[in-house]
Amino acid sequence: MSRRIAILPDAVADQIAAGEVVERPASAVKELVENALDAGAQHVRVELENGGKTLILVSDDGSGMGREDAVLALDRHATSKVRTVADLTGIATFGFRGEALPAIASVSRFTLTTAELDGGGTELVVNGGRLDRVGDAVRRRGTSVTVRGLFFNTPARRKFLRSAASETRAAHDAVATLALAHPESGFELHVDGTCRLAVPAGQAPEERLAAVWGREIAGTLVPVSYAAGAFSVSGYVQRPGDAQPTGRRTQLFVNGRPFKDPFLLRAAEAGYRSAIHPGDRPSLYLRIGVGPEDVDVNVHPAKLEVRFRDRIGVERVVEEAVRHALGSLVAAAPVGAWRPLPAGTAAGGAGLSAEVLEGLFGTPAAEAPERPEVDAGDEFDVPLLQVFDAYIVYQAQEGLVFVDQHSAHERTLYERVMAQLTGGGAPAQRLLLPLTLELTDEELEAVERHGEQLARVGFEVGAFGGRSVVLHAVPSPHPRFDAGSCFREVVADLARGRFGGWANGLERFAATYACRAAVKAGQRLEPSEMRSLLLRLFATDLPPHDVHGRSTIVQLPLDELERRFGRR
Ligand SMILES: Nc1ncnc2c1ncn2[C@@H]1O[C@H](COP(=O)(O)OP(=O)(O)O)[C@@H](O)[C@H]1O
Ligand SMILES: [Mg+2]
């Protein structure tokens, strides 16, 4: 009987391991920089050529290795960092698997020079896993690893490498992550002779974060500090108003070790509740602390992922931590704090009935029946001031409140329009003299595509021949509404695909129409109109932002005012 099973020769086993540990230049960079940091390096220098496909050079001023250790380090499972299974719990070094060096050396032309003291050291040359030379080298204390022609002997893998720019980006990210993890060490990254990152040793974590992510993002972050149950969470998250749909940065650590976890990021985003637009992605820098026995860091070949014993617990605490951090910001303040002071505590008031007020900005009761009724008589009996023809200001329980009139109206319209699109449609005003509008081909096409939706919000559109359309009836969302220009703007937006970030077609239409139909900044409002608008606003679900994700309400808390006047 023939034997089918054989133990793989080391060289083959190393190449197979390389498939898991070294996926692309960035993974080699990551492993080599981790080794430098594990060796106590004060300074790590990384050089790349051609995205690391031609050359990766990582040098450090760490402990270096003696000759025997250097040779041994190239053996699979050779590590100085763990001895027993128990050592794995609470391990503080990045490395512990003893796989990286042999894996990288098996798929490249690899040179390692190292010295434990300035002066005499060792040079090792390995080609595709074969040790070709062990000799003397002169260098300062520390280690340099040169990796040329990564995957030269595994063409199938080499084929999968991306463009130099994309590999460079991934390698840059890997260095940035480790620079964030070790603010006390200095880092340099040079790409094709140009310095891309240089941060000095001995930085505080905040300084390092600002240096690596840039001052611009750093200026939009607020601190997080929270603990519950077995977990602590610290770090920084982006202010809701500054989150953007693209370009965000994220970094998670557990017990100082960087890791990736999209679900935990999702949990952090959940902490924003409705304070951000659904398409926006805030930057997040979160350091999670947990007992070493409650997290397993050895679940991924490249150590990119970890496993928490209490998965639900960690997600909950991260979400709470973010909410807690944002709590002091206006955008996440509870709705109650925005309400005007009750009647009697302040003078003034237009004395209009709820029906009259609602009439000015539409009748919410019929169109959004699920909304709680607001007792207008009591709650709106406060003086309202319009400033800069753009903001409504009033006194509330906890300070001064500023409402952006356009944003507020847009927000309330959005909700109303969604109800109209899915429900009964809106009341339209028949025009005595129909409006004729000339459109472009693209706009005509947009009118056709969105005919049903335009009709539901109250536009009765007829063809006029050529590129013209006639409006026989139009909506009337507020007294100063200009139906003709609103229709033009909406159709132009639809034709140009503005608001493309809204995945749902109805929502996209509602956002477009709400934006264009709302009162604008620069329009003078009567006190009764301001009241009516606020009434409508408080009857909505009140996420504190509009369809663009901009803040609708900004509060100047009384204690802030008192602090500034030196009363506190
Ligand atoms: N830059 C370095 N400076 C000093 N020692 C190093 C360096 N790189 C690797 N070593 C030694 O080589 C060993 C093997 O490295 P590696 O294959 O990455 O495995 P691991 O980091 O998991 O131990 C390490 O445990 C360490 O003792
Ligand atoms: Mg290592």
Side-chain angles (χ1 to χ4, degrees), residues 10-11 13-23 25-47 56-85 87-108 110-118 121-126 129 131 134 137 139-147 150 174-175 177-178 181-182 185-188 256-259 297-304 306:
D10 281 351
D14 285 342
Q15 275 201 20
I16 291 172
E20 296 189 308
V21 183
V22 193
E23 198 192 342
S27 13
V29 168
K30 168 184 172 292
E31 294 294 340
L32 296 173
V33 174
E34 285 183 351
N35 280 347
L37 293 168
D38 284 346
Q42 286 267 344
H43 204 92
V44 187
R45 184 188 159 97
V46 180
E47 275 178 54
I56 298 167
L57 169 55
V58 178
S59 341
D60 68 60
D61 57 359
S63 63
M65 286 175 274
R67 185 158 303 181
E68 271 182 37
D69 272 356
V71 173
L72 206 57
L74 294 171
D75 275 344
R76 199 134 180 258
H77 304 308
T79 179
S80 55
K81 299 167 196 173
V82 284
R83 290 280 181 272
T84 67
V85 173
D87 289 346
L88 265 183
T89 306
I91 183 134
T93 53
F94 286 117
F96 49 76
R97 299 170 67 101
E99 286 184 326
L101 286 187
I104 296 167
S106 73
V107 289
S108 68
F110 176 100
T111 308
L112 180 146
T113 55
T114 186
E116 288 180 296
L117 295 168
D118 291 354
T122 299
E123 178 183 76
L124 302 182
V125 178
V126 183
L131 181 58
V134 181
R139 60 157 295 140
R140 302 184 67 99
R141 189 185 97 129
T143 303
S144 300
V145 175
T146 312
V147 177
L150 187 66
V175 176
T177 290
L178 290 166
H182 273 263
S185 299
F187 293 81
E188 272 175 71
R257 178 184 296 276
F259 71 107
V297 298
N298 185 28
V299 295
H300 186 278
K303 299 161 289 174
L304 293 174
V306 303

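Atoms within each ligand, like the ligands themselves, are counted from 1 in listed order.
The shell of residues lying under 4.0 angstrom from ligand 1, judged by heavy atoms, excludes Glu31. Residue contacts with ligand 1: Pro102 is included, with a non-hydrogen atom under 4.0 Å away.
The closest non-hydrogen atom to atom 22 (O) of ligand 1, taken over Gly64, Gly62, Gly98, comes from Gly98. Considering each of Asp75, Val44, Leu101, the one bringing a non-hydrogen atom nearest atom 17 (O) of ligand 1 is Leu101. Between atom 23 (O) of ligand 1 and the options Thr79, Asp61, Asn35, the minimum heavy-atom separation is to Thr79.
Within the coordination shell of the Mg ion (ligand 2), defined by N, O or S atoms under 2.8 Å, Thr79 is absent.
In this structure a side-chain-to-backbone donor-acceptor pair under 3.5 Å is missing from Asp60 to Ala41.
With salt bridges taken as basic N to acidic carboxylate O contacts below 4.0 Å, one links Lys81 and Asp38.
In terms of N/O distances under 3.5 Å, ligand 1 is not approached by Asp38. At under 3.5 Å, not a single nitrogen or oxygen of Gly95, backbone or side chain, sits near a nitrogen or oxygen of ligand 1.
The atoms of ligand 1 that sit less than 4.0 Å from any heavy atom of Arg97 are 22 (O).
Of all non-hydrogen atoms in Leu178 and Lys30, the two that sit nearest each other are CD1-O, 3.8 Å.
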